Amino acid sequence: MANYATFAKLYDDLFDESAYEDWFQYALKTIVNPQGKLLELAGGAGRLAIMLKQAGFDVTVFDLSEEMLTLAMQHAREAGVDLPLIQGDMREWSDYPEKFATITSFADSFNYLANEDEMLMAFKQVAAHLEDAGQFVFDVISPYQTDVYYPGYMYNWHDEETAFMWSSYGIEEQVHTAEHELTFFVYDEAIDGYKQIQEIHTERTYPVATYMRLLETAGFENIQVTGDFGRQTEIDDATPRWFFSATKK
């Protein structure tokens with residue numbers, strides 16, 4: 001757990017801040033009920049939620065990781081905002097009684113689910129926790145990302161105390177699936193040397209038609225799909241990320 005706490009902080013520190021601004025602007029123009037309660041599902045370290053909170057939204061953060069929620073609490077205190085936090089699994093949180101006008105989820109969160117069954121479970125939980133005619137807004141990576149962009153992708157970064165290596169691979173026997181090998185080297189004064197922290201993340205995606213079918217099965221309608229944070233109204237085979245907005249029936 002200590003390793004993951006370190007990993008969560010490093011991941012949070014190195015995340016592209018410009019992406020938060022893009023998600024924030026997309027949320028501002030897409031959410032139809034800014035006065036209603038909003039849940040950031042898989043909200044991680046809470047950075048986007050804090051931006052939404054500062055813009056006047058009534059935001060709660062939901063995440064599986066205790067370490068990420070601890071960071072979200074720290075960031076909220078630093079920003080001087082009250083940010084309710086919920087720890088749970090997006091596939092099953094039926095014991096949580098509250099409902100929301102809007103539920104959002106960004107940064108590939110649904111792509112970490114193992115299969116279509118888990119995706120449907122998560123979509124049904126979202127529907128169950130939305131008010132009538134509530135809005136579900138989320139993004140996923142496209143097959144272009146898993147099949148074309150990620151295989152062979154590498155990114156390296158370092159400063160005086162930390163080094164980071166990111167390598168991505170396609171998985172031939174699994175359709176539209178990519179594996180990310182994330183390795184951090186962190187200086188530890190106690191040993192006067194570097195500790196290696198490694199995580200393997202697997203992402204899987206599906207054709208647009210699959211997402212549409214699962215959303216309809218879970219009880220959604222008025223499903224709209226765009227690309228490039230809503231700026232691309234007509235998606236194509238090279239669209240790297242799809243953005244969905246759907247309404248609970």
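Worth saying up front: this structure is predicted, and the values here are computed from it rather than measured.
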S.K.: Could you tell me whether the side chain of Phe106 reaches within less than 4.5 Å of the side chain of Glu40, counting heavy atoms only?
M.R.: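 They are in contact (side-chain heavy atoms under 4.5 Å apart), so the answer is yes.
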S.K.: Do Phe57 and Ile31 have side-chain heavy atoms sitting under 4.5 Å apart?
M.R.: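 Yes. Closest side-chain heavy atoms under 4.5 Å.
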S.K.: For Gly36 and Ala101, which heavy atoms make the closest approach, and how far apart are they?
M.R.: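 Closest heavy-atom pair between Gly36 and Ala101: CA-CB, 3.7 Å.
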S.K.: Working to the nearest 0.5 Å, report the span between OG of Ser142 and CG of Asp147.
M.R.: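 The OG atom of Ser142 sits 8.0 Å away from the CG atom of Asp147.
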S.K.: Please name the pair of heavy atoms, one in Leu83 and one in Ala49, separated by the smallest distance, quoted to 0.1 Å.
M.R.: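 For Leu83 and Ala49, the tightest heavy-atom pair comes out as CD1-CB, 4.0 Å.
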S.K.: Are Tyr112 and His201, when compared by the centres of their aromatic rings, separated by less than 6.0 Å?
M.R.: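 Distance test on ring centres: under 6.0 Å, yes.
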S.K.: I want to check something: taking the side chain as every heavy atom from C-beta on, are Lys248 and Lys99 in contact at a cut-off of under 4.5 Å?
M.R.: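 Side-chain contact under 4.5 Å: yes.
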S.K.: Do Tyr96 and Glu98 have side-chain N/O donor and acceptor atoms under 3.5 Å apart?
M.R.: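 Yes.
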S.K.: Does Ser105 use its side chain to pair, donor to acceptor, with the backbone of Leu41 at less than 3.5 Å?
M.R.: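 Yes, because the side chain of Ser105 sits within donor-acceptor range (under 3.5 Å) of the backbone of Leu41.
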S.K.: Measuring from Gln54:CD to Met51:CE, what's the distance to the nearest 0.5 Å?
M.R.: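 Taking CD in Gln54 and CE in Met51, the distance rounds to 8.0 Å.
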S.K.: Is there a side-chain contact between Tyr169 and Glu181 (heavy atoms, below 4.5 Å)?
M.R.: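 A side-chain contact under 4.5 Å exists here.
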S.K.: Go through the side-chain N and O atoms of Thr239 and Gln232 and say whether any donor and acceptor fall under 3.5 Å apart.
M.R.: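 Yes.
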S.K.: Looking just at side-chain N and O atoms, do Gln74 and Glu78 make a donor-acceptor pair shorter than 3.5 Å?
M.R.: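 No.
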S.K.: Without placing hydrogens or testing angles, list every side-chain donor-acceptor pair under 3.5 Å for residues 153-160, not counting sequence neighbours.
M.R.:
| from | atom 1 | to | atom 2 | distance (Å) |
| --- | --- | --- | --- | --- |
| Asp159 | OD1 | Glu161 | N | 2.9 |
| Asp159 | OD1 | Thr162 | N | 2.7 |

S.K.: Starting at OG1 of Thr205, measure out to CZ of Phe110 and round the result to the nearest 0.5 Å.
M.R.: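 That separation rounds to 12.0 Å.
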S.K.: Report the residues that fulfil salt bridge (charged side-chain N to carboxylate O under 4.0 Å, His left out) with Asp89, sequence neighbours left out, ordered by chain and then residue number.
M.R.: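 Asp89 satisfies salt bridge (charged side-chain N to carboxylate O under 4.0 Å, His left out) with Arg91 only.
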S.K.: Can you see which heavy atom on Ser94 is nearest to which on His129, and at what distance?
M.R.: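 The answer is CA-CE1, 4.1 Å.
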S.K.: For the pair Gln87 (side chain) and Leu69 (backbone), establish whether a donor and an acceptor sit closer than 3.5 Å, ignoring hydrogens and angles.
M.R.: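 Pair absent, no side-chain N/O of Gln87 close to backbone of Leu69.
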S.K.: Could you label the plane-to-plane angle of the Phe244 and Trp242 rings as parallel, tilted or perpendicular, counting under 30° as parallel and over 60° as perpendicular?
M.R.: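 Because their plane-to-plane angle is over 60°, the rings of Phe244 and Trp242 count as perpendicular.
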S.K.: Show the nearest heavy-atom pair for residues Glu179 and Ile171, with the distance to one decimal.
M.R.: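 Heavy atoms of Glu179 and Ile171 come nearest at CB-CD1, 4.0 Å.
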S.K.: More than 12 heavy atoms of other residues, nucleotides or ligands under 6.0 Å from NZ of Lys124: yes or no?
M.R.: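 Result for NZ/Lys124: open.
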S.K.: Is it the case that more than 12 heavy atoms not belonging to Glu234 sit under 6.0 Å from its CD atom?
M.R.: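 Open.
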S.K.: In this structure, is the centre-to-centre distance between the rings of Phe123 and Phe138 below 6.0 Å?
M.R.: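 Yes, the ring centres sit under 6.0 Å apart.
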S.K.: Between Glu118 and Leu113 (side chain of the first, backbone of the second, donor and acceptor by atom type, cut-off under 3.5 Å), is there such a pair?
M.R.: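 Answer holds: no.
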S.K.: What's the verdict on side chain to side chain contact (heavy atoms under 4.5 Å, CB included) for Gln125 and Met121, showing C-alpha distance, side-chain angles and the deciding distance?
M.R.: CA-CA 6 Å; Gln125 287 298 310; Met121 289 170 61; 5.8 Å; no
S.K.: Between Tyr144 and Tyr149, is the ring centre distance below 6.0 Å?
M.R.: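 Ring centres of Tyr149 and Tyr144 not closer than 6.0 Å.
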S.K.: Assess whether side chain to side chain donor-acceptor pair (under 3.5 Å) is satisfied between Gln196 and Tyr194, documenting all intermediate values.
M.R.: CA-CA 7 Å; Gln196 177 178 322; Tyr194 288 83; over 6 Å; no
S.K.: Taking atom CG of Leu130 and atom OG1 of Thr102, what is their separation to the nearest 0.5 Å?
M.R.: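 The CG atom of Leu130 sits 7.5 Å away from the OG1 atom of Thr102.
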S.K.: Would Ile50 and Tyr20 show up in the same hydrophobic cluster when neighbours are defined by side-chain heavy atoms closer than 4.5 Å?
M.R.: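 Yes, Ile50 and Tyr20 fall within the same hydrophobic cluster.
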S.K.: Calculate, to the nearest 0.5 Å, the distance between atoms CD and CG belonging to Glu221 and Leu215 respectively.
M.R.: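 Taking CD in Glu221 and CG in Leu215, the distance rounds to 11.5 Å.
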S.K.: Is the backbone N or O of Val208 less than 3.5 Å from a side-chain atom of Thr210, with the two atoms forming a donor-acceptor pair by type?
M.R.: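 The answer is no, because no donor-acceptor pair under 3.5 Å joins these two groups.
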S.K.: Which heavy atom of Leu38 sits nearest a heavy atom of Phe100, and at what distance?
M.R.: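 Shortest heavy-atom separation between Leu38 and Phe100 comes out as C-CD2, 3.8 Å.
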S.K.: If you take all heavy atoms of Asp228 and Phe243, which pair is closest and at what distance?
M.R.: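 Result for this residue pair: N-CE1, 4.0 Å.
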S.K.: Return yes if some donor-acceptor pair links the side-chain N/O of Ser168 with the main-chain N/O of Pro151 below 3.5 Å, else return no.
M.R.: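 No, Ser168 side chain to Pro151 backbone: no donor-acceptor pair under 3.5 Å.
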S.K.: Return yes when atom CG of Asp236 has more than 12 non-hydrogen atoms of other residues, nucleotides or ligands closer than 6.0 Å, and no otherwise.
M.R.: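 Check passes, neighbour count above 12.
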